[in-house]
Student: 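Please find one structure pasted underneath; my questions will follow.
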Amino acid sequence: MSRQDEQFVGSFDYVIVGAGSAGCVLANRLSADPDISVLLLEAGGRDNYHWIHIPVGYLYTMNNPRTDWCFTTEPDEGLNGRALNYPRGKVLGGCSSINGMIYMRGQARDYDQWRQMGNAGWSWDDVLPYFIKSEDHFLGADAHHGEGGEWRVDKPRVSWEILDAWIDAAVECGIPRTDDFNRGDNEGVGYFQVNQKRGWRWTTAKGFLRPVLKRPNLTVLTGAHAKALRLDGKRVTGIEFGYRGADAYAEAAGELILSTGAVASPVLLQLSGIGPGELLGEHGVPVRHELRGVGENLQDHLQIRPVFKVKNTVTLNERSNSLVGRIGMGLEYALFRSGPLSMAPSQLGCFAKSDASQETPNLEFHVQPLSTEKLGEALHPFPGFTASVCNLRPESRGYVRLRDADPRSKPLIKPNYLSTPGDRKVAADALRLARRISGTAALARFAPSELKPGAHLQTDEDLARAAGDIGTTIFHPVSTCRMGQDDMAVVDERLRVRGLQGLRVVDASVMPTITSGNTNAPTIMIAEKASDMIREDRKGGARAA
């Protein structure tokens, strides 16, 4: 980039890169102080696409270049050579504008483990107030929930006979009923709570950003594609980005904050010369700061999708394959904001143990009143349900790396799913539990018949291989800039990049380990806590990095 030709956007106290789940929270909280100037950059566009706001619209926002970066993984040995689509939000609100809308904090054990790993201030008792702070729960405030915050949590506006029966079946297998997965122990079965408001999707752009857009100290630019961080020695001074067909630069007088997610944040660091020296050298990127852990330690939840054909009930399959059914669904949503068009991708949740030795549940089911040969394809012409199940604490570790030195190139993503014996054993046990639940008396009147992976598969080896055939990501990549104290850690417990000044990472990439559930709510919590830490450090409340 010729610095003579670049457009200088200005100098700001804080420059936030990425207006997704974390970035919108940061922009709201930091700009609340009128003496602080904030620039928020988003590579995607505005959130004015109607399918963002209708809950079932995730079908039209994922794999749509208007709202999704449309990344794909590398072929994965654990998936028997398959590559997967890897959706990431490309719009104001980021992944909260295209995700499954499930509100899930994880388990208290997750955060207590973060603290035990040396990350002071990240235990369950430390983070619970930040979950509560931004919450607007439909049942109001109590010891575990908040009211009046920016982040709406609602009850689902749909129910299905087959899902109600599946709850009874899980209880028959010894799994307790629950009406709330978010009190620290999420064991149980029940309907998910969702990030919706009166039947519309609720996003961080709606909750946190829109109400503060008129603040004179907040500047928001869309279509601003980050290219590289600019450094002066070991201090980050600003960001170079493409904007309206030209090169641009913004100065971070205080700090630059990366909130572009577990895929884009490590790649942007690598493009800037911050990361594993050998990798950077392979692509001709000068090493500005050696950090071996940048892009490593990728963790994700692989959802295995056993499918069952049923009888004597109506599922979404028949309704969606019928013109009358589709008209009825449209009318129900138009008149009442309820019914299938208000559905999150998964409606029923279940947290259970793959075997009795587990301390806490290590499996999460996402149960859906529908079935298909392949995710994204037409639904079956007969009634069916899918009991997707994922290993909440996978041992497998992958990586995210720059593909070349071009900021516009798509990253190289390699999750390495099912790459350990332990993960393959959990996959086999998860499929057996799905079968056991489907074989209960509670579901007998629906005569469930296993279509995928197939009842003839019985051994651990066969079931693990089948899991690789029917497994897909559930869109929870984390930990590629993880927090910690060891040589592979990228940020410290205050989310400052180790060895550099003026730079933090605030998004799902900083999680030391993946949480036991969906990852959007924990990402918002991380941004809430980071906002307080940034303000404290600005006032001299913590020693410099």
Side-chain angles (χ1 to χ4, degrees), residues 73-86 166 169-170 172-175 189 299-311 346 350-358 361-368 370-377 379-380 382-398 414-440 443-444 446-474 476 514:
T73 69
E74 298 301 295
D76 200 302
E77 292 82 355
L79 303 183
N80 305 318
R82 292 187 303 128
L84 300 178
N85 293 330
Y86 217 67
W166 205 94
E172 193 174 327
C173 289
I175 300 168
V189 59
Q299 300 168 48
D300 190 15
H301 289 143
L302 178 73
Q303 63 167 341
I304 306 163
R305 296 178 57 82
V307 173
F308 295 85
K309 182 178 181 179
V310 293
K311 301 176 180 178
S346 301
C350 176
F351 289 82
K353 298 175 182 179
S354 64
D355 66 79
S357 70
Q358 298 294 324
N362 66 323
L363 298 178
E364 178 182 9
F365 284 88
H366 293 75
V367 191
Q368 304 137 350
L370 55 87
S371 64
T372 180
E373 285 299 301
K374 183 180 178 183
L375 198 62
E377 293 186 354
L379 302 186
H380 286 136
F382 47 77
F385 72 86
T386 304
S388 296
V389 59
C390 68
N391 178 358
L392 290 171
R393 295 189 286 275
E395 299 169 347
S396 300
R397 298 291 184 268
K414 188 70 182 293
N416 289 328
Y417 296 118
L418 299 174
S419 59
T420 73
D423 284 355
R424 296 177 71 81
K425 179 64 166 65
V426 171
D429 288 343
L431 286 169
R432 291 191 179 99
L433 179 56
R435 288 173 172 173
R436 192 158 66 249
I437 292 171
S438 296
T440 56
L443 284 172
F446 305 114
S449 172
E450 181 178 330
L451 290 180
K452 290 180 176 293
H456 63 287
L457 300 172
Q458 293 292 327
T459 68
D460 283 0
E461 182 179 351
D462 286 344
L463 289 172
R465 181 171 181 82
D469 288 331
I470 62 173
T472 65
T473 176
I474 204 164
H476 298 164
I514 195 166

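By convention here, the first residue in the shown sequence is residue 1. All values below come from the heavy atoms of this structure, side chains included, with hydrogens, waters and symmetry mates left out.
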Student: Do Val389 and Leu433 have side chains that approach each other closer than 4.5 Å (heavy atoms only, starting at C-beta)?
Tutor: no

Student: Does Glu461 have any salt bridge (charged side-chain N to carboxylate O under 4.0 Å, His left out) partners at least two apart in sequence or in another chain, and if so, which?
Tutor: none

Student: Side chains of Pro415 and Asp76: closer than 4.5 Å at any heavy-atom pair?
Tutor: yes

Student: Would a 4.5 Å heavy-atom cut-off, applied to side chains only, mark His301 and Pro394 as touching?
Tutor: yes

Student: With sequence neighbours left out, write down each residue that passes salt bridge (charged side-chain N to carboxylate O under 4.0 Å, His left out) with Lys353, or none if nothing qualifies.
Tutor: none

Student: Would you say that Leu457 contacts Leu431 through its side chain, given a criterion of any heavy-atom pair below 4.5 Å between the two side chains?
Tutor: no

Student: If the plane angle is over 60° it's perpendicular, under 30° parallel, otherwise tilted; pick one for His366 and His476.
Tutor: tilted

Student: Working to the nearest 0.5 angstrom, can you tell me the gap between Arg397 CZ and Lys414 NZ?
Tutor: 16.0 Å

Student: Give, for atom CG of Leu363 and atom SG of Cys390, the distance between the pair rounded to the nearest 0.5 Å.
Tutor: 7.5 Å

Student: Which pairs with one or both residues in residues 416-426 pass salt bridge (Lys or Arg N to Asp or Glu O under 4.0 Å), sequence neighbours excluded?
Tutor: Lys425-Asp429

Student: Might you point out which heavy atoms bring Gln303 and Thr473 nearest each other, and give the distance in Å?
Tutor: NE2-O, 3.6 Å

Student: What are the two closest non-hydrogen atoms of Thr386 and Leu370, and how far apart are they?
Tutor: OG1-O, 2.8 Å

Student: In chain order, what residues pass the salt bridge (charged side-chain N to carboxylate O under 4.0 Å, His left out) check against Asp460, with sequence neighbours excluded?
Tutor: Arg432

Student: Start with the C-alpha distance between Ser371 and Lys309, add both sets of side-chain angles, then the distance that settles side chain to side chain contact (heavy atoms under 4.5 Å, CB included), and finish with yes or no.
Tutor: CA-CA 8 Å; Ser371 64; Lys309 182 178 181 179; over 6 Å; no

Student: Is the closest side-chain heavy-atom distance between Tyr86 and Asp300 below 4.5 Å?
Tutor: yes

Student: Looking only at heavy atoms, what is the nearest atom pair of Leu392 and Pro361, with distance?
Tutor: CD1-O, 3.7 Å

Student: For Ile175 and Cys350, run side chain to side chain contact (heavy atoms under 4.5 Å, CB included): C-alpha distance rounded to whole Å, both residues' side-chain angles, the deciding distance at 0.1 Å, then the answer.
Tutor: CA-CA 8 Å; Ile175 300 168; Cys350 176; 3.8 Å; yes

Student: Applying ring-ring contact (aromatic ring centres under 6.0 Å, His included), can you list everything that pairs with Phe365, at least two apart in sequence or on another chain?
Tutor: Trp166

Student: Checking Leu79 against Leu302 for the side chain to side chain contact (heavy atoms under 4.5 Å, CB included) test, could you report, in this order, the C-alpha distance in whole Å, the side-chain angles of both residues, the deciding distance, and whether it holds?
Tutor: CA-CA 10 Å; Leu79 303 183; Leu302 178 73; 3.9 Å; yes

Student: Look only at the side chain of Ser354 and the backbone of Ala430, and say whether a donor-acceptor pair between them is shorter than 3.5 Å.
Tutor: no

Student: Mind listing the closest non-hydrogen atom pair of Gly78 and Leu418 along with its distance?
Tutor: O-CD1, 3.6 Å

Student: Given side chains that start at C-beta, do those of Thr372 and Arg305 come closer than 4.5 Å, heavy atoms only?
Tutor: yes

Student: I'd like to check Asn85 versus Thr472 (side-chain heavy atoms, cut-off strictly below 4.5 Å). Are they in contact?
Tutor: no

Student: Donor-acceptor check, side chain of Gln299 to backbone of Ile514, threshold 3.5 angstrom: yes or no?
Tutor: yes

Student: Can you pull out every salt bridge (Lys or Arg N to Asp or Glu O under 4.0 Å) where at least one residue sits in residues 448-458? Sequence neighbours excluded, please.
Tutor: Glu373-Lys452, Arg435-Glu450

Student: Find out whether His380 and Leu451 are in side-chain contact, i.e. whether some heavy atom of one side chain is under 4.5 Å from a heavy atom of the other.
Tutor: yes

Student: Specify the closest pair of heavy atoms between Cys173 and Arg436, including all atoms of both residues, with the distance to one decimal.
Tutor: SG-O, 3.9 Å

Student: Write down the atom of Ala427, the atom of Ala467, and the distance for their closest heavy-atom approach.
Tutor: CB-CB, 4.0 Å

